[in-house]
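Have a look at the structure below, then the notes.
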2 protein chains.
Amino acid sequence: MENCLPNRSPGCPVEGTLGVIGGKWKGVVLYHLLDGKKRFNELRRLMPGVTQRMVTRQLREMEADGLIHRQVYAEVPPRVEYSLTTKGETLRPIILALKDWGEIHVPYYVIKPTTDVA
Amino acid sequence: MENCLPNRSPGCPVEGTLGVIGGKWKGVVLYHLLDGKKRFNELRRLMPGVTQRMVTRQLREMEADGLIHRQVYAEVPPRVEYSLTTKGETLRPIILALKDWGEIHVPYYVIKPTTDVA
DNA sequence: GCATATAGTAACATTTTGTATACTAATGCT
DNA sequence: AGCATTAGTATACAAAATGTTACTATATGC
């Protein structure tokens, strides 16, 4: 165990990356943000199987990690826009790789959505 | 919510992929298998922060998903070798993308391991 | 006056993951 | 005889992640 770290550092670069985008829905949020900023409920509608609480949490964690930007407008009803930061943009190759693999290997869309996504 | 699926199908290709490799340590296991087959305890030593139980679980799930092959040799002491299947090999671009990003954006190795990994 | 929309929060339940320990069975080493 | 090794399983419990449901405030539309 010479390559074991005493503290909580990741043991390999893959583990390090997953420490940042390993959350259950982070990849999906990032995917939807790839084509531009989105409002909160807009993201929710894009991820119908995910609860509001989870969308919020994943967004907050990624904001804390500097991956996304949260822009609040002092309006009523409230308006909040989420977008990728420069750092978040660097994840694009990963997200696209996840997308490409899923399109080929995971059977999913039975119902074709009318609105095209990302 | 027109693009909402009634069943538990993933809502987008990224979600589909994460359903397969989204386990906490699956990416790390796959990373270590990228450079060839590994015995069980060999994998454990490569992932010092992960318990035996978790390594076993992630391997079993990925075996069930057809990503890795489990070769048991009827020997004593037992020998079990894990390797990527053809399907598992198709994940290589994703894992490498995760690795590349981690190497650039996540500070990790303080101690340089003597044995090179992957 | 009531429902709708927005972007959440609070409390609680469930699931997943982590920790720790004990156990297996055959062989080699001492 | 006793210990180590291999690749696990079993059990119990703790902690973390995620899911469920209800609720907020304020403005607009009906």
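All heavy atoms count here, side chains included; hydrogens, waters and symmetry mates do not. Quick caveat, the model's predicted, so the values are computed rather than measured. So that the names make sense, note that chain A is the first sequence line, chain B the second, and so on, each numbered from 1.
- Distance B:Gln71 CD to D:dG8 P: 12 Å, rounded to the nearest Å.
- In this structure, A:Ile68 places its CD1 atom 14 Å from C1' of C:dA7, rounding to the nearest Å.
- A residue-by-residue look at B:Arg70 and A:Gly22 shows that B:Arg70 has its nearest nucleotide of DNA chain D further toward the 5' end.
- In this structure, the CE atom of B:Met47 is 16 Å from the C1' atom of C:dT19, given to the nearest Å.
- The nearest whole Å value for the distance from the CD1 atom in A:Ile21 to the C1' atom in D:dA17 is 17 Å.
- As a whole-Å value, the separation of B:Asn41 CG from D:dG8 C1' is 9 Å.
- Rounded to a whole Å, the CD atom of A:Glu42 is 13 Å from the C1' atom of C:dA7.
- For the atom pair B:Lys26 NZ and B:Ile21 CD1, the distance stands at 9.0 Å (nearest 0.5 Å).
- No donor-acceptor pair under 3.5 Å is formed between the side chain of A:Glu103 and the backbone N or O of B:Pro13.
- For the pair A:Glu81 and A:Lys24, both in contact range of DNA chain C, the more 5′-proximal nearest nucleotide belongs to A:Glu81.
- Dashed line: the shortest gap from a side-chain N or O of B:Trp25 to OP1 or OP2 of C:dG18 is under 4.0 Å.
- When the P atom of C:dT17 is taken as reference, atom CD of A:Glu15 falls 14 Å away, rounded to whole Å.
- A donor-acceptor pair under 3.5 Å is formed between the side chain of B:Thr17 and the backbone N or O of A:Gly102.
- Of the candidates B:Glu63, B:Arg39, B:Arg70, B:His32, B:Arg70 is the only one forming a side chain to side chain donor-acceptor pair (under 3.5 Å) with B:Tyr82.
- Atom CZ in B:Arg45 sits about 13 Å away from atom P in D:dG8, given to the nearest Å.
- Here A:Tyr73 lies out of heavy-atom contact (under 4.0 Å) with every strand.
- Residues B:Leu59 and B:Ile68 come closest through the heavy atom pair O-CD1, 3.2 Å.
- Partners of B:His69 according to the ring pair (Phe, Tyr, Trp, His ring centres under 6.0 Å) rule, which considers only residues two or more places apart in sequence or in another chain, do not exist here.
- Remark: B:Glu75 pairs with B:Arg79 by the salt bridge (Lys or Arg N to Asp or Glu O under 4.0 Å) rule, at least two apart or across chains.
- Near DNA chain D, meaning a heavy atom under 4.0 Å from it, residues 50-64 of chain B has B:Gln52, B:Thr56, B:Arg60 in order of number.
- Side-chain N/O atoms of A:Arg39 include one lying less than 4.0 angstrom from OP1 or OP2 on C:dA7.
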